[in-house]
Amino acid sequence: MTEEKVVNKGVFGIHHVTAITSDPQRNIDFYTNNLGLHFVKLTVNQDDPTSYHLYYGDESGRPGTILTFFHWPNIPRGHRGTSEVAAISFLIPKNSIDYWLDRFKNQKVDYEGPSKRFGDSEEVITLDDPDGLGLELVAHESAIDRTVNVWKEGPVPIEYAIRGFYSVTLSEEGYERTSSVLTDELGFIATRHEGSRFRYEIPTGALSSTINQEGGGAKIVDVLCLPYTQQAVIGIGSVHHVAWRTPTDEQQRVLRRNIIRAGLNATPVIDRFYFHSVYFREPGGILFEIATNPPGFMVDEKADELGTHLVLPPWLEPMRKDLLKILPSVRIPKKNEIQNTTKGS
């Protein structure tokens with residue numbers, strides 16, 4: 001019926017990544033001021049409405065740019081190991097490495113690198129956020145094709161700004177069973193191998209021009225095979241889940257059936273208001289989600305209102321007064337304030 005359903009049997013890449021933070025204000029300050037992301041949505045965790053759910057992305061929160069955080073201050077700090085998302089990688093232009101190094105030095109953000117990956121094709125800066133979450137900035141030529149994903153009113157000049165996600169890295173004790181799910185059920189193909197790093201990508205030919213324009217890349221997943229490594233403990237500073245994007249509810253149902261046929265448990269479709277979700281654990285234990293592109297983040301706000309105030313899904317709106325008494329107050333910097341506080345960096 002549509003081009004997307006004809007040319008692709010699986011997902012179209014990363015939809016969003018959700019991690020855990022202990023401090024919503026510190027989180028907002030770091031991702032808007034230091035990394036220059038757009039604060040797209042201030043809402044609550046639908047399964048625990050007494051805590052925030054924070055969303056960052058490009059100007060409209062396109063799939064492939066969305067980083068979200070559950071605000072869970074009372075759980076232990078996470079410990080790194082296998083069976084977790086070890087790194088979230090953002091795409092930056094090839095000519096922006098020096099800018100980001102100077103920016104991090106000026107802002108006293110600790111980092112490592114830059115280092116090369118897969119020959120000279122990728123230049124990588126590695127850093128942690130204030131909760132210890134592993135992040136990467138990857139300079140790659142594909143940034144030229146993803147100018148649509150630039151947050152143009154942030155503190156970082158457009159020519160250096162983040163273009164959304166580049167990839168996620170999964171840390172596993174072994175990789176074959178995870179590889180099987182990625183390739184057989186989700187539509188990735190194995191493309192490269194460097195040491196203990198195995199790369200999988202959604203084939204470019206499997207992406208329609210419409211999907212490329214709306215979401216762009218964010219179609220890479222690396223699997224690090226780390227035998228004899230302790231299993232991770234998920235907590236503050238950990239990724240909770242990675243969500244893969246699908247264009248329609250119908251395609252999501254097909255994917256869910258295929259996941260179940262592969263012997264994996266999957267949840268029913270859950271209405272998250274901004275997208276519809278199905279969750280399952282891949283064989284290594286990492287929580288995956290299949291999320292639909294629509295309805296998107298402008299279903300309840302105009303573009304210029306995104307991230308400016310607390311919004312709730314309709315079924316939680318009756319609880320607003322009670323929730324405001326429980327949720328900690330947060331200050332969302334206005335666009336001109338973000339730019340002023342980082343001028344000269």
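We number each residue from 1, following the sequence as shown.
For Glu123, the CD atom sits in a packed shell: over 12 heavy atoms of surrounding residues, nucleotides or ligands are nearer than 6.0 Å. Counted within 6.0 Å of CD1 on Ile144, heavy atoms from surrounding residues, nucleotides or ligands total 12 or fewer; the atom is thus considered open. Around atom CD of Glu112, no more than 12 heavy atoms belonging to other residues, nucleotides or ligands sit under 6.0 Å away.
Ring centroids of Trp72 and His240 are separated by less than 6.0 Å, placing the two rings close together. Separation of the His38 and Tyr56 ring centroids does not fall under the 6.0 Å cut-off. Two rings, from Tyr55 and Phe297, have their centers less than 6.0 Å apart. Taking the ring centroids of Trp100 and Tyr160, they lie at or beyond the 6.0 Å cut-off.
For the side chain to side chain contact (heavy atoms under 4.5 Å, CB included) test with Leu182, the passing option among Phe188, Phe198, Tyr175 is Phe188; the others fail. When each of Arg199, Arg192, Arg197 is tested with Glu122 by the rule salt bridge (Lys or Arg N to Asp or Glu O under 4.0 Å), just one qualifies, namely Arg199.
Side-chain atoms of Ser171 and Glu84 include no donor-acceptor pair closer than 3.5 Å.
The aromatic rings of Tyr52 and His71 sit tilted, their planes meeting at an angle between 30° and 60°. Aromatic ring pairs are classed by plane angle as parallel below 30°, tilted from 30° to 60° and perpendicular above 60°; the pair Phe70 and His241 is tilted.
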